[in-house]
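What follows is one structure encoded as structure tokens, with my remarks underneath.
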Protein chains: 2
Amino acid sequence: MAKSEETRSLIVTTAMRLFTENGYDRTTMRAIAAEAGVSVGNAYYYFSSKEQLVQGFYDEIARQHQAAARPLLESETGFAARLRAVLLCWLDIAEPYHRFGTQFFVNAADPESPLSPFSDDSSAARKASIGLMREVVNGSDVKLDPELRDQLPELLWLGQMGVVLFWVHDRSPGTKRSRMLVERSVPLITRLAALSRLRMFRPVSREVVDLIRELAKRD
Amino acid sequence: MAKSEETRSLIVTTAMRLFTENGYDRTTMRAIAAEAGVSVGNAYYYFSSKEQLVQGFYDEIARQHQAAARPLLESETGFAARLRAVLLCWLDIAEPYHRFGTQFFVNAADPESPLSPFSDDSSAARKASIGLMREVVNGSDVKLDPELRDQLPELLWLGQMGVVLFWVHDRSPGTKRSRMLVERSVPLITRLAALSRLRMFRPVSREVVDLIRELAKRD
DNA sequence: GTCTATAGCAAGATAGAC
DNA sequence: GTCTATCTTGCTATAGAC
């Protein structure tokens, strides 16, 4: 590993440790630099802002989630079980960072911020997440209105963002309320998806698909 | 009006003006204090942080929305039309503050912040908003599963939070994409609400009601 | 290209005098 | 209640070592 890579990694590792120990606000750039044994200027040489330091963290959670979720999908073909596994897996991965994550997702809510899940900068991470949801759908035995099938992964990703939002606000021990949200909403979503095939349900289903398609356009 | 009330009001009024003129970030406490003709220390005597200054603004938008929405409900009994009117009305009220509102709602996404719509501090504002949605439901001629009827206002409020979140990220001219979201999702919601009465749909409807009820508990 | 040291600015927040 | 002075911290700038 190149020297620069080592330094970069050292800084981000130190930052993540201090963030989780003391929270984002109470961790100063001076402290990160001192603890990592580099100068403040050097830290800024690698990361143009304190917020930027968090982007590495963001990517790391997403990466871990992908890695941990894929194997779970190997052995399971039920739609509900697959969706449940992927969502709970995220909660497991993110758990240690809940305290810090709070501060983190506050930044992410800023549409101006490169950390926003809707921003161009994070479109790679977003696409990966939507891709994971596509695997959830495609690898399952669920029967769907084919029109809905195309859009469902994006819808599920939106749902996951909702879970994340809930989790950020979740103060229950072990964030068990977030787990409950997943446990109870997954069967619901599954039932609704199944209903999508009924003729009577078609117009609603079409409207949903159209709406998502329309909103996905950036005009 | 007591002297202290006058000073307090002077500070918040000045702050709101500067916020809307120049944005939240570019408005410094020093500038607010100078413009209001008081010292920085005095501003902090009344408002413990810059963020606190925004709470008054938050309440003001909610108040204006309530005031503007109520008359619209007088003359209309269709559920869809009522819901649409209330949601579009919010977009109208909030429009002038879109630029500033962005920064504002970033702060509001912080669960630690008293500005969070889920925090205890803003529970009065939240209750008022849910109350407005209850009027939308109760004053309409919509036929509903009675179980759902109780929970629907809370659900609609959640939906409105979703609209707000979308609006914050909306960069289209006149935030017309947000308007489109309302125009297209209202009929959808209406159709789903109507479906709730079908026997086949009952289990789903019950699950939704149960879930909301469970999540509303703060255990 | 990588890094240190240091000085300094801007702005949010606070302390303590009056 | 109000002020002035001061502190803190994110961030920048510069000058130079290797």
Side-chain angles (χ1 to χ4, degrees), chain A residues 1-19 21-58 100 102-104 106-110 112-115, chain B residues 1-57 100 102-104 106-110 112-115:
Chain A
M1 178 150 62
K3 181 74 185 301
S4 70
E5 274 302 310
E6 259 173 61
T7 308
R8 184 186 196 86
S9 166
L10 173 65
I11 294 170
V12 79
T13 307
T14 306
M16 280 172 62
R17 205 189 75 231
L18 293 181
F19 284 158
E21 275 172 20
N22 310 315
Y24 179 85
D25 278 335
R26 279 189 304 276
T27 304
T28 68
M29 287 301 276
R30 286 166 175 84
I32 294 168
E35 191 77 7
V38 300
S39 69
V40 176
N42 200 14
Y44 276 101
Y45 175 77
Y46 284 104
F47 302 93
S48 61
S49 71
K50 189 179 176 183
E51 202 179 58
Q52 272 289 44
L53 267 169
V54 169
Q55 180 75 48
F57 187 65
Y58 183 84
F100 162 56
T102 284
Q103 180 59 51
F104 163 61
V106 169
N107 294 334
D110 182 354
E112 311 293 345
S113 160
L115 295 181
Chain B
M1 176 150 60
K3 178 78 182 303
S4 72
E5 273 302 309
E6 256 173 64
T7 308
R8 183 186 197 87
S9 165
L10 174 65
I11 294 170
V12 79
T13 306
T14 307
M16 281 173 60
R17 204 189 78 231
L18 293 181
F19 283 158
T20 45
E21 274 172 21
N22 310 315
Y24 180 83
D25 277 335
R26 279 189 304 276
T27 304
T28 69
M29 288 299 279
R30 283 165 177 81
I32 295 168
E35 191 77 7
V38 300
S39 71
V40 176
N42 200 13
Y44 275 100
Y45 174 78
Y46 285 103
F47 301 94
S48 61
S49 72
K50 190 179 174 182
E51 201 178 61
Q52 271 290 60
L53 267 169
V54 168
Q55 180 74 48
F57 188 65
F100 162 57
T102 284
Q103 180 60 50
F104 162 62
V106 169
N107 295 333
D110 182 353
E112 311 293 344
S113 160
L115 295 180

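Each chain gets a letter, A, B and so on, in the order the sequences are listed, and its residues count up from 1.
In terms of position along DNA chain C, the nucleotide closest to A:Y45 lies nearer the 5' end than the nucleotide closest to the other residue of the pair B:K50 and A:Y45. Mapping A:G37 and A:R30 onto DNA chain C via the closest heavy atom, the residue that lands nearer the 5' end is A:G37.
Taking atom CZ of residue A:R26 and atom C1' of nucleotide D:dT8, one finds them 15 Å apart after rounding to whole Å. The interatomic distance linking A:L53 (CG) with D:dT9 (P) rounds to 17 Å, in whole Å. In this structure, A:E51 places its CD atom 13 Å from C1' of D:dC11, rounding to the nearest Å. Across the protein-nucleic acid pair, B:Y44 atom OH and D:dC7 atom P stand 17 Å apart, rounded to whole Å. Summarising the geometry, the separation between CG on A:L18 and P on D:dT9 is reported as 14 Å, rounded to the nearest angstrom. Per the geometry, CG belonging to A:N42 stands 15 Å off P belonging to D:dT12, to the nearest Å.
Annotation: cation-pi pair A:K50/A:F19 absent, no NZ/CZ under 6.0 Å from the ring centroid and within 45° of its normal.
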Candidate pair B:L53 and B:I32, rule side chain to side chain contact (heavy atoms under 4.5 Å, CB included), full reasoning: CA-CA 11 Å; B:L53 267 169; B:I32 295 168; 4.0 Å; yes
Step-by-step side chain to side chain contact (heavy atoms under 4.5 Å, CB included) determination, B:E21 to B:T27: CA-CA 9 Å; B:E21 274 172 21; B:T27 304; over 6 Å; no
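Of all heavy-atom pairs spanning B:L10 and B:A36, the tightest one is CD2-O, 3.2 Å.
Reading DNA chain C from its 5' end, the first and the last nucleotide to sit under 4.0 Å from a heavy atom of chain B are C:dA11 to C:dT14.
Heavy atoms of A:V40 sit nowhere under 4.0 angstrom from any nucleic acid atom. The residue B:S39 sits close to a base: some heavy atom pair falls under 4.0 Å.
For residues 28-48 of chain A, every residue pair satisfying the side chain to side chain donor-acceptor pair (under 3.5 Å) rule, not counting sequence neighbours, is listed here: A:R17-A:E35.
The main-chain N or O of B:E5 is never found under 3.5 Å from a side-chain atom of B:S9 such that the two would form a donor-acceptor pair.
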